[in-house]
Amino acid sequence: MNLSNQTIGKVVQWLGWFSVAHSLWTYGAALLDANSDASIRAYAWLIAIEGIFFLGAGLLVVWLGRRIARPAQVPEPVQAENRGAE
C-alpha cells in the first residue's frame, strides 16, 4: 500500500476537523448543562477552558495535516560566486 503525503495529510486534516466538531458538540452541550444547573454553574468556566484547549488541539491537527499535504518545495541551486575577479 503506497500512500502519498497528500493522502496522509488529507486524512490527518479530516481527523482534526472531526476533533474540532466533537469538541464543539461535547463542550457546547456541557456548558449548556452547567449553566442550567445552579450547583455546578461556578465550574462552567473550567468546562469552557477545557473545551477551548481541545478545540485548539483539533485546529493544530488540521494545520499539521495541511503541512503534510503541501508538496515539498525544492530549493533553487545556489550558484558559486566568482571570487577571483575584482
Side-chain angles (χ1 to χ4, degrees):
M1 184 170 177
N2 188 10
L3 295 175
S4 67
N5 281 350
Q6 188 171 13
T7 304
I8 294 170
K10 291 284 185 183
V11 170
V12 171
Q13 278 184 18
W14 279 105
L15 289 173
W17 284 121
F18 175 77
S19 175
V20 167
H22 182 265
S23 296
L24 286 174
W25 179 265
T26 303
Y27 289 100
L31 278 174
L32 288 174
D33 188 37
N35 283 327
S36 66
D37 188 359
S39 64
I40 61 169
R41 188 172 296 148
Y43 299 106
W45 65 276
L46 289 172
I47 297 169
I49 289 173
E50 185 179 357
I52 290 170
F53 173 76
F54 284 109
L55 183 72
L59 291 174
L60 182 68
V61 171
V62 170
W63 174 79
L64 183 64
R66 288 186 181 179
R67 294 277 303 195
I68 292 171
R70 187 183 315 163
Q73 296 178 356
V74 179
E76 295 286 328
V78 179
Q79 296 180 358
E81 296 179 17
N82 188 358
R83 297 182 191 265
E86 291 184 350

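Bear in mind the structure is a predicted one, so any value in this text is a computation, not a measurement.
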**Fill in**
So CD1 of I68 and CD of Q6: to nearest 0.5 Å the spacing works out to 12.0 Å
**Sub-4.5 Å side-chain heavy-atom contact between W17 and L59** = yes
**Prompt:** In the single-linkage hydrophobic clustering (I, L, V, M, F, W, Y; side-chain heavy atoms under 4.5 Å), do V62 and L64 co-cluster?
**Reply:** no
**Asked** Can you hop from Y43 to I49 via hydrophobic side chains spaced under 4.5 Å?
**Response** yes
**Message:** Side-chain heavy atoms nearer than 4.5 Å, only ILVMFWY residues, links allowed to pass through others: does that put V61 and L3 together?
**Reply:** yes
**Prompt:** Under 3.5 Å, side chain of S23 to main-chain N/O of S19, donor-acceptor pair present?
**Reply:** yes
**Message:** Ignoring hydrogens, what is the shortest heavy-atom contact between A30 and I47? Give both atom names and the distance.
**Reply:** CB-CG2, 3.8 Å
**Atom of A34, atom of I40 and distance for their closest heavy-atom approach** = CA-CD1, 3.8 Å
**Message:** Could you report the tightest heavy-atom contact between A69 and K10, atom names first, then the distance?
**Reply:** CB-N, 4.4 Å
**Item:** Spacing of Y27 atom OH and I52 atom CD1 [to the nearest 0.5 Å]
**Value:** 11.5 Å
**Prompt:** Backbone N or O of H22 within a donor-acceptor pair of the T26 side chain at under 3.5 Å?
**Reply:** yes
**Asked** From N5 CG over to R67 CZ, what is the distance, rounded to the nearest 0.5 angstrom?
**Response** 12.5 Å
